[in-house]
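Lettering follows sequence order; numbering is per chain, from 1.
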Amino acid sequence: MTSVSSSSEFQHQHHFKSAEHQYASSKQGIWLFLCTEILMFGGLFVGYLIYHSLYPTVFKNGSETLDWKMGAVNTVVLLVSSFTMAAAINYVQRGLHKIAAIMLALTIACAGAFMVIKYFEYSHKFHVGTVPGKFSLVDPSCGAGGKRAECESKISALLKNPAELEKNHVSAEEVSRLKAVISQPKWEMFYGFYFVMTGLHGVHVVAGAFLIFWIFIKTLRRKVGPEYYTPVEGVGLFWHVVDLVWIYLFPLLYLVG
Amino acid sequence: MSSAHTKTEHGHADHNYLNHGSGIWSWMTTLDHKRIGLMYFATVATLFLIGGFFALGIRLHLAKFGAEPLLDPDTYNKFMTFHGAIMVFMVIIPGIPAFLGNFVLPIQLGAKDVAFPRLNLASYYIFIAGALIAASSMIFNQVDTGWTFYTPYSTAKTSNGVILLVLGAFTMGFSSILTGLNFIVTTHKLRAPGMTMDRIPLMIWALYSTSIIQILATPILAITLLLIGAEKTLGVGIFDPDLGGDPVLFQHFFWFYSHPAVYIMILPAMGVISELITAFSKKTIFGYRAIAYSSVAIAAVSFLVWGHHMFVSGQSTLAGIVFSIITMFVGVPTAIKLFNWISTMYRGTVTFEAPMLFALGFMFLFTIGGLTGVFLASTGMDVHFHDTYFVVAHFHYVMVGGTLMALMGGIYYWFPKMFGRMTSDLGGRISWVLIFTGFNVTFFPQFVLGAMGMPRRYFDYLPEYTNLNQISTVGSWLIGLGFLVGLITIIHGIFKGEKASDNPWGAKTLEWQTSSPPPHENFTTTPTVTAGPYDFR
């Protein structure tokens, strides 16, 4: 079933009446899929809201240990990427393949930049021990019997060791924040949500980057153009949703607290 | 793209979708919804046999015929888990929509294919991948949690096989979403000229409502299953009370999907029954709109009732009362359907071929299942019946007595369209008698057992329960035999059945207006619809 041979002689699939008919159907399909994506994140948001109301202090202290500057930079990066993506769709629709490809490449670069920043954020958390439950203990086998309270956490081990603090660039201010975090029982809960939510979002960013790369190739080969740009628009919509999820995650995790 | 203008000289199209391409490869890469439907059929039937094997194993063990128990407790738990997980995620949920729905929906709409044929094939392979991932847990690390994966047992205590089973279910959920999405767009966009929304067959209304549930509920299952995976690998603590999490949140999440999923299983069955009842009563269906909208109503209410699974989980009394009342609302659209079917048969020219017998069997068994559901929806009675065999009997009456009866009826009904041959009606009737009798012999005693207090999922029981358990086990052999006869009838029909005419049942919906089997593009010329779907008299 050849859907497209080249942009100038677009042939719609045999079971549609016309190219417009096919375009409208595809668009409906994409929107329905995006609904499922939002609902999937919705489950996490519901869980976050419930536990936030149960343990407000844990979430406040946890939130203060996150680097809001990095989060803010990442927000800007994603907003820029949404702009370049929208521009790319526009250029494809107008048949300006070269600049469209540049815009798509920029979008991929933004996705990469986002993940690199995320990498620095994550690795710092691994060093100081603000990690999900299982890994927050110095001896992971310690909590197996259900007596986590008696185990020593990575953070408290770190706080006793000034050399390690210096090596990992932990400022005095951060030390006091880390102390505030472990002063609360069940503090690992916040990092459970942090890593699941940002992790799942990160997976979407990577998947989105691959999809954009796919339409980048399509654009270079001129498989899309003014007559047929459904995949470009579909991937674009997906990318905007990934962006949108971050727009909610950033204030929720980094700022509200 | 080939132009599929087929010659229809002898009343039968010589060129049809079955011989449109030949060889295994042409099937594996097909974009034809009819072939994809049949591939689902083969897959689901195989999985059904595996799930059935575990069922017979469980029943044989519980009969306690020998002095030694057949299974050790650990193996018993694993049998129970795989029986449940296979039957729910791999047989009943995809059974009717992915197999019959895929085959029938585009033809009934007068479309050449579903809206996204490539996505349709992809969702088939995603389903296969999910089934393989889930099945690999049988080899590497068996699971003993039950198909519901309740925390904290699934996350803190048992083996890592849970991760595989959960990942498999997640993958199959993805397939379910893509199929639902495909059906919704197809229904919206690909109806033949004149096929307005109030002329689409009731099967389509049912599949459409099902698809809405698939799209809205499955993502919640997806995140829940991912959280189990995260809980097990990272110890994130969302369901772990030790870290401040709450196992009951898992139940909320899980049933927010899994209760609507019950309607993913039963709504398409109701669609099949609507088709069968009108075709074998030779009468316009009574209350078309009422049946159509009641499907949508069931889909809507299905999202508001999950709490009735949690009456004894410590939720507030108010929540219990609210969930109880809303749960009983489901009875209203369900009864609307049932009464309309009965009214359709009233003064109709009813004939009792095998598909109609299955339809009547559905109505009988589903009514018992539905009425016992009202018992369980009442908070006071549920405390007594909770986690007893009463619940087991109830949901088997709904899911097996409902969905599988409809599935069998649907297979016999659309078989001539699928293969251009008839099944032996006698074979169909024998399989019906065996399944119907066996089913009641198996599950009716379980209502009594449950009322007497026998708990579900247990490896062993008190001596008082022995006789009824043995009766139940004998019944399970009858069911097994019935499905075996059904399978033989179908295989015999495929190879040796007599040639079917284009419309052997004299039905009115569009799929019967094309040849049997249909050509690759369903119709040689796109049909124009001028009347409702059941224009008998």
Side-chain angles (χ1 to χ4, degrees), chain A residues 1-3 11 13-17 21-22 24-33 35-48 50-51 54-55 58 131-137 140 143-144 146-149 184-196 199-200 203, chain B residues 1-4 31 33 106 111-119 156 174 177-178 180-182 184-186 188-190 193 211-212 214-224 226-227 230-246 249 252-253 256-257 521-522 526:
Chain A
M1 200 120 339
T2 50
S3 53
Q11 177 108 45
Q13 287 177 315
H14 74 137
H15 56 292
F16 292 107
K17 286 194 285 278
H21 187 205
Q22 177 171 343
S25 305
S26 303
K27 205 157 175 187
Q28 192 172 66
I30 291 157
W31 276 107
L32 283 170
F33 177 70
C35 288
T36 69
E37 287 283 5
I38 289 171
L39 280 162
M40 185 164 88
F41 278 100
L44 284 175
F45 281 110
V46 168
Y48 181 92
I50 292 170
Y51 288 124
L54 284 177
Y55 310 105
V58 167
V131 285
K134 202 182 241 176
F135 301 105
S136 65
L137 305 176
K147 291 181 195 138
R148 299 184 59 91
Q184 292 288 324
K186 324 277 190 199
W187 58 269
E188 298 98 327
M189 171 62 74
F190 176 78
Y191 298 101
F193 271 106
Y194 172 80
F195 275 96
V196 171
L200 188 64
V203 169
Chain B
M1 195 156 44
S2 69
S3 67
L31 299 178
H33 67 98
K112 285 178 181 164
D113 206 327
V114 291
F116 311 114
R118 258 179 293 187
L119 193 68
F174 204 53
I177 286 178
L178 294 178
L181 184 157
N182 221 335
I184 290 184
V185 178
T186 309
H188 281 175
K189 297 286 182 190
L190 289 182
S211 304
I212 291 174
Q214 283 174 312
I215 291 215
L216 296 183
T218 318
I220 311 297
L221 177 75
I223 195 66
T224 312
L226 282 183
L227 281 175
E231 195 78 62
K232 237 173 150 49
T233 49
L234 306 173
V236 291
I238 291 171
F239 302 134
D240 183 357
D242 227 22
L243 291 167
D246 189 352
L249 180 70
H252 280 291
F253 276 172
F256 187 80
Y257 165 77
E521 295 194 325
N522 296 345
T526 305

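Counting heavy-atom pairs closer than 4.5 Å to chain A, the top-ranked of the candidates Asn182(B), Ile215(B), Thr526(B) is Ile215(B). Most heavy-atom pairs under 4.5 Å with chain B, from the set Ser25(A), Ser136(A), Gly43(A): that is Ser25(A). The greatest number of non-hydrogen atom pairs below 4.5 Å with chain B, out of Val131(A), Thr36(A), Val46(A), is found for Thr36(A). Among Thr224(B), Leu216(B), Ile220(B), the residue making the largest number of heavy-atom pairs under 4.5 Å with chain A is Leu216(B). Heavy-atom pairs under 4.5 Å with chain A were tallied for Asp246(B), Asp240(B), Thr186(B), Leu226(B); the largest tally goes to Asp246(B).
Between Ile223(B) and Leu39(A) there is no side-chain heavy-atom pair separated by less than 4.5 Å. Residues His33(B) and His15(A) fail the side-chain proximity criterion, which asks for heavy atoms closer than 4.5 Å.
Note that OH of Tyr191(A) and CG of Leu243(B) are 13.5 Å apart. Values are rounded to the nearest 0.5 Å. The CD atom of Gln28(A) sits 8.0 Å away from the CD1 atom of Ile184(B) when rounded to the nearest 0.5 Å. Between the CZ atom in Phe116(B) and the CD atom in Gln22(A) there is a gap of 8.5 Å [rounded to 0.5 Å]. Atoms CG and CD1, from Leu32(A) and Ile212(B) in turn, are 9.5 Å apart once rounded to the nearest 0.5 Å.
Within a 6.0 Å sphere centred on CZ of Phe41(A), other residues, nucleotides and ligands contribute more than 12 heavy atoms.
Only the side chain of Ile50(A) has a heavy atom closer than 4.5 Å to any heavy atom of chain B. If you measure heavy-atom distances from Leu181(B) to chain A, the contacts under 4.5 Å come from both the backbone and the side chain. Of the two parts of Leu249(B), only the side chain, counted from C-beta on, holds a non-hydrogen atom closer than 4.5 Å to a non-hydrogen atom of chain A. Within the 4.5 angstrom heavy-atom criterion, no atom of Phe195(A) approaches chain B. In this structure, no portion of Leu54(A) lies under 4.5 Å from any heavy atom of chain B. Only the side chain of Phe174(B) comes within contact range of chain A, judged by heavy atoms closer than 4.5 Å. Neither the backbone nor the side chain of Pro106(B) comes within contact range of chain A; no heavy atoms are under 4.5 Å apart. Neither the backbone nor the side chain of Ala111(B) comes within contact range of chain A, judged by heavy atoms closer than 4.5 Å. Of the two parts of Leu221(B), neither the backbone nor the side chain holds a non-hydrogen atom closer than 4.5 Å to a non-hydrogen atom of chain A. Heavy atoms of Leu119(B) lying under 4.5 Å from chain A are absent altogether.
Smallest separation of non-hydrogen atoms from Val196(A) and Ala230(B): CG2-CB, 4.1 Å. When all heavy atoms of Met40(A) and Ala222(B) are compared, the pair lying nearest together is SD-CB, 3.7 Å.
Formation of a donor-acceptor pair under 3.5 Å by the His21(A) side chain with backbone atoms of Lys189(B) is found in this model.
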Quick one: side chains of residues 231-238 of chain B, donor-acceptor pairs under 3.5 Å with protein atoms, not counting sequence neighbours, listed by atom name and distance.
from      : atom 1 : to        : atom 2 : distance (Å)
Glu231(B) : OE1    : Ile238(B) : N      : 3.3
Glu231(B) : OE1    : Phe239(B) : N      : 2.8
Glu231(B) : OE2    : Gly237(B) : N      : 2.7
Lys232(B) : NZ     : Ser154(B) : O      : 3.1
Lys232(B) : NZ     : Thr155(B) : O      : 3.3
Lys232(B) : NZ     : Thr158(B) : O      : 3.0
Thr233(B) : OG1    : Gly229(B) : O      : 2.8

